[in-house]
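Notes follow once the structure below has been shown.
Quick note: residue numbers are just sequence positions, from 1.
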Amino acid sequence: MDPLLAPAGDIGALRQRYRDDKTALFALLRDQGASTRGVRQALQQLSRLTDQTLRELWSRAGFGAGFSLIAVGGYGRAELFPYSDVDVLVLLPDGAQPDEDAELKKQLEDFIGACWDLGLEIGSSVRSVSDCVEESAKDVTVQTSMLESRLICGSKSAFNRLVTLLDEVMDPKAFYVAKTLEMRQRHTKYENTPYSLEPNCKESPGGLRDLQIILWVSKAAGLGRSWDDLARRGLATPLEARQIKANEALLSLIRARLHLLANRREDRLVFDLQTAVAESFGFKAQVPAVITAGPTGQPHAAPTAKGTRRASEALMKRYYWAAKAVTQLNQILLLNIQERLQDDMAGVDRLRPLNARFFDKGGMLEVASDDLYVQQPHAILETFHIYQTTVGIKGFSARTLRALYNARPVMNARFRADPVNRAQFLQILKEPEGITHALRMMNETSVLGRYLWVFRHIVGQMQHDLFHVYTVDQHILMVLRNVRRFFIAEHSHEYPFCSQLAAGWDKPWIFYIAAIFHDIAKGRGGDHSDLGARDVRTFCRQHGIDREDSKLIEFLVSEHLTMSRMAQKEDLSDPDVIAAFAKRVGNERYLTALYLLTVADIRGTSPKVWNAWKGKLLEDLYRYTLRALGGRAPDPGAVIEARKREALSMLALHALPHMAHKALWDTLDVSYFMRHQADEIAWHTRVLTRQINQTATKAAAKVATAGDGVVADRCIVRARLSPEGEGLQVLVYAPDQNDLFARICGYFDSSNFSILDARVHTTLTGHALDTFQVVAPTLSEHYRELIAMVENNLAQTIDECGPLPAPMKGRLSRRVKSFPVTPRVDLRPDEKAQRWLLSVSASDRAGLLYGISRVLARYDINVQLAKITTLGERVEDTFLICGAQLQMNKRQIEIETELLETLEG
């Protein structure tokens, strides 16, 4: 035993000795500079010091045989950070009841009180073995804490019995699902990026928790308890194990320094501490920064010359690169563990060839060989093109991620200059869908920065202001996402004017290139707009973009701050101001493009920066400038107006009275008209107008009333042969309610219809206006009878009250049974955190959609949009949903867990 840890004569001496020894260990952590070699040992020494102190207090407390003191949680890993809680479990012998035994209760209170008096900030629980097993089964947090339990002192046999029982009740697959859902929720809480400007080095994506979760699920599955164990079992390569250890040591040292500098538990790299932490690593501030304007028109700091940076920037760049590596390695290892669990318990996802180089492995893109990219470098960018264009591919397999990780040396200057690669990259940007996902995945896998070398310089580049909450690379990708959403009908409700302008734009990829380059020169010194314009000019020339398009892209990059500054700083009532801006933009096309990029840019700085006032200023500037350019203000809803005119022409053929459509159309917003074609609008109007007008007339005359004096508002169901030539198209118009979508799906399920597509819309008067595309096993020649049956029976089903019936047990095809699809659920908040996007993937079977909708209805969740995609034996469905339950973390996990259970059947 260390002589310093010899038993003390009294509690005061014990307290002083503990403080002295802890201070010495703190000094060791504080004084080792940038070296991470001794951080693990120092944390273990702090843990051992705490162990010895607790043993002495335990001995003084006089607990008898059968009692145990157990370290759990982070302390159980024997790696104690300076100001972390000391989590312990007092394990009681069977039959001990502190609530009924006053002497035992006092003994426990005295022990815990002595710990606090000594300076040990313990988090304690008192349970018997059976209590531990019971709580572990109910709460995955308790189960995780117990997974890292370690005996400090007391009954070894009781501890061993506890470990044995916990192992027996552990379900590795369920534990894996629970921890990955928990991780996803945690990532959402921390903005789904490791690049937050004030990241939590423990909880943020790419933080220590992402490494701990790998070992938790590995321990639960019996696959290893350390990185070396994972390497020996083939779940990690020796290189990956070394890199994990190195990045874990760096993150641990940063966290330890944060604790020491804050003199308390502080896991966030807040601005106030970043410089101090950086200086503790030996980083030095260089040339002071000057002030330049940011995209919001507000000032922000930027370096004055090339190569200059703050001490904190050097630290944060090192942190971000470590967090990015952790994120990549976390994906690889968790996917490997998941595959190992599936091999053991649920079979293996079938490999479906996509071409000679790639497979679809249960929705994940799989390379044909581990050295594919080394042997065929052109396949690197092809990977992302396939990812964005192949329906059903939701991510990369562990094998693909590892192959990309190992192919980084291949992506050199020769790779970047290859004409095939340049054409492939441009094609990715020109695809009609999947651009944001592809570019984000390219950045996550470090491919984007290796193909666009100028982009690599801003990966992890901080922006020192109060407005950007993202690093430069993440801000750029956020702007790309924002401008992309202007072209997607499902997001037209967010910024209708921008969506209407975008609807008439011919080359969306112009915006994507401008978004990528608009801030790409930040941190280099000088005007980043001018430097970025030079970079994008070079890019356009190298990628064969024609002169007119190149000029527009260069203009957008060069002027991307101008409109924001004009709108927020200049007097827009001054004709000279407007005239000068009009001269600067030159024409309507350039003005519209600059307006859309500016809105996307401001929205990409922070969720809190954009507001309605800024939106109004920008829109006013746009309209004033448009008039000054000499052109007539364009009809912002050109596409929508064309559809309306076409629909009215169709309605005229049915002798609909003049303006009869107005009662319905006044209740419909932009998103309805963007989601429906003219013939559908005309059909809906023809079917509903007479009914709506009749209801309004009766209400005014108080003729048709229900028993309580309220106008009866029953649902309307109409069906027709599908214009697509298959099945029926069914219209439902009814007062909206949370279980409406589930009731409709339940009817189609029980009637043996398959839903191919569902478009759910809520009118401004609170009515659901939903359109379903359905098919029956046989659509007989007596389709009129079938239509009448659907119209009558579905209406009755909707009007009936009572609980939703249990879903039917759909039979799985032999094909699905032989090659099951791994169920997946993804629940994320939308742009304004008011609605949520739910994506599910599973093997197809009868009743699946109803089962999903029934779960949502049980939690009072309203479905506002549903996109149903069936890919052979696999379904890929997306729902836009809202509901109060989604605001509670516990309910989110319950919903996701129940959905997974439903998908598994």
Side-chain angles (χ1 to χ4, degrees), residues 40 68 70-79 87 89 91 129-130 132-151 156-184 208-238 240-242 244-245 248 326 329-349 361-362 364 397-399 401-402 820 822-823 897 900-901 904:
R40 181 181 175 87
S68 302
I70 298 170
V72 295
Y75 178 39
R77 284 192 299 275
E79 292 181 2
D87 295 322
L89 164 67
L91 189 63
V129 170
S130 58
C132 290
V133 175
E134 182 180 347
E135 289 297 318
S136 180
K138 292 190 300 186
D139 190 336
V140 71
T141 303
V142 174
Q143 190 175 33
T144 306
S145 179
M146 296 305 300
L147 192 64
E148 299 194 293
S149 58
R150 177 174 56 84
L151 181 65
K156 188 173 183 180
S157 61
F159 173 72
N160 290 338
R161 186 161 69 92
L162 172 63
V163 171
T164 300
L165 290 175
L166 289 173
D167 286 343
E168 289 176 358
V169 299
M170 171 64 74
D171 181 345
K173 187 177 181 183
F175 184 77
Y176 177 91
V177 170
K179 296 312 292 184
T180 51
L181 287 176
E182 186 182 85
M183 180 179 72
R184 191 181 305 158
L208 286 167
R209 186 68 85 205
D210 279 4
L211 292 176
Q212 291 161 5
I213 197 174
I214 300 170
L215 292 180
W216 288 337
V217 296
S218 174
K219 291 174 186 176
L223 297 174
R225 305 181 67 86
S226 69
W227 305 121
D228 291 335
D229 287 346
L230 295 183
R232 280 190 291 270
R233 288 178 174 265
L235 291 164
T237 65
E240 289 165 353
R242 288 195 301 272
I244 285 177
K245 291 178 186 178
E248 182 180 41
V326 168
L329 294 166
N330 169 273
Q331 287 180 305
I332 293 171
L333 269 64
L334 285 181
L335 285 171
N336 275 337
I337 292 171
Q338 182 187 37
E339 290 178 2
R340 193 69 62 91
L341 289 171
Q342 289 171 347
D343 290 346
D344 294 340
M345 302 177 188
V348 184
D349 283 323
K361 185 179 182 181
M364 309 299 278
S397 71
R399 190 181 189 190
L401 289 169
R402 177 170 285 158
T822 303
T897 301
L900 279 170
E901 292 172 354
E904 290 172 348

Val72 and Met146: CA distance, side-chain angles, deciding distance, side chain to side chain contact (heavy atoms under 4.5 Å, CB included) verdict = CA-CA 6 Å; Val72 295; Met146 296 305 300; 4.0 Å; yes
query = Within a strict 4.5 Å, meaning less than it, do heavy atoms of the Lys361 and Glu339 side chains meet?
reply = yes
query = Looking at residues at least two apart in the chain, or sitting in another chain, which of them share a side-chain hydrogen bond (donor to acceptor under 3.5 Å, both in side chains) with Ser68?
reply = none
query = With sequence neighbours excluded, what pairs up with Arg77 under the salt bridge (charged side-chain N to carboxylate O under 4.0 Å, His left out) test?
reply = Glu148
note = Looking only at heavy atoms, the pair that brings Leu341 and Tyr176 closest together is CD1-CB, 3.7 Å
Gap separating the OG1 atom of Thr180 from the CD atom of Gln338, nearest 0.5 angstrom = 7.5 Å
remark   = Residues passing the side-chain contact (heavy atoms from CB on, under 4.5 Å) test with Val177, sequence neighbours excluded, are Leu181, Leu900
ask   = Of all heavy-atom pairs between Leu235 and Ile337, which one has the smallest distance, and what is that distance?
value = CD2-N, 4.1 Å
message = If you compare all heavy atoms of Ala398 against all heavy atoms of Asn336, which two are closest, and at what distance to 0.1 Å?
response = CB-OD1, 3.2 Å
note = Taken to the nearest 0.5 Å, the spacing of Met364 CE from Thr822 OG1 works out to 9.5 Å
ask   = For Gln143 and Phe175, which heavy atoms make the closest approach, and how far apart are they?
value = OE1-CD1, 3.4 Å
task = Tell me, please, which residues at least two apart from Arg184 pass side-chain hydrogen bond (donor to acceptor under 3.5 Å, both in side chains).
result = none
remark   = The salt bridge (charged side-chain N to carboxylate O under 4.0 Å, His left out) partners of Glu135 (sequence neighbours excluded) come to Lys138
task = Kindly determine whether Gln212 and Thr144 satisfy side chain to side chain contact (heavy atoms under 4.5 Å, CB included), including the steps that lead there.
result = CA-CA 10 Å; Gln212 291 161 5; Thr144 306; over 6 Å; no
query = Can you name the side-chain contact (heavy atoms from CB on, under 4.5 Å) partners of Asn330, sequence neighbours left out?
reply = Met183, Asp210, Ile213, Ile214, Leu334
key: Pairing residues for Glu182 by the side-chain contact (heavy atoms from CB on, under 4.5 Å) criterion, not counting sequence neighbours   = Val140, Thr141, Lys179
query = Who pairs with Ile244 by side-chain contact (heavy atoms from CB on, under 4.5 Å), at least two apart in sequence or on another chain?
reply = Leu211, Trp227, Leu329, Leu333
task = Please identify each residue that fulfils salt bridge (charged side-chain N to carboxylate O under 4.0 Å, His left out) with Asp139, with sequence neighbours left out.
result = none
key: Distance (rounded to the nearest 0.5 Å) between Lys245 NZ and Glu248 CD   = 9.5 Å
Heavy-atom closest contact (Leu162 atom, Cys132 atom, distance) = CD1-CB, 3.6 Å
request  = Give, for atom CZ of Arg225 and atom CG of Leu215, the distance between the pair rounded to the nearest 0.5 Å.
outcome  = 9.5 Å
request  = Applying side chain to side chain contact (heavy atoms under 4.5 Å, CB included), run through Trp216 and Arg209 and close with a yes or a no.
outcome  = CA-CA 10 Å; Trp216 288 337; Arg209 186 68 85 205; 3.3 Å; yes
Residue list, salt bridge (charged side-chain N to carboxylate O under 4.0 Å, His left out) with Arg233, at least two apart or on another chain = none
message = Show me the pairs that pass salt bridge (charged side-chain N to carboxylate O under 4.0 Å, His left out) and involve residues 159-168, at least two apart or across chains.
response = Asp94-Arg161
inquiry  = Please find the pair of heavy atoms, one from Pro172 and one from Ala220, that lie closest to each other, and give the distance.
reply    = CG-O, 3.5 Å
query = Residues two or more places apart in sequence or in another chain: which of them pass side-chain hydrogen bond (donor to acceptor under 3.5 Å, both in side chains) with Arg232?
reply = Asp229
Ser149 and Leu89, any side-chain heavy atoms less than 4.5 Å apart = no
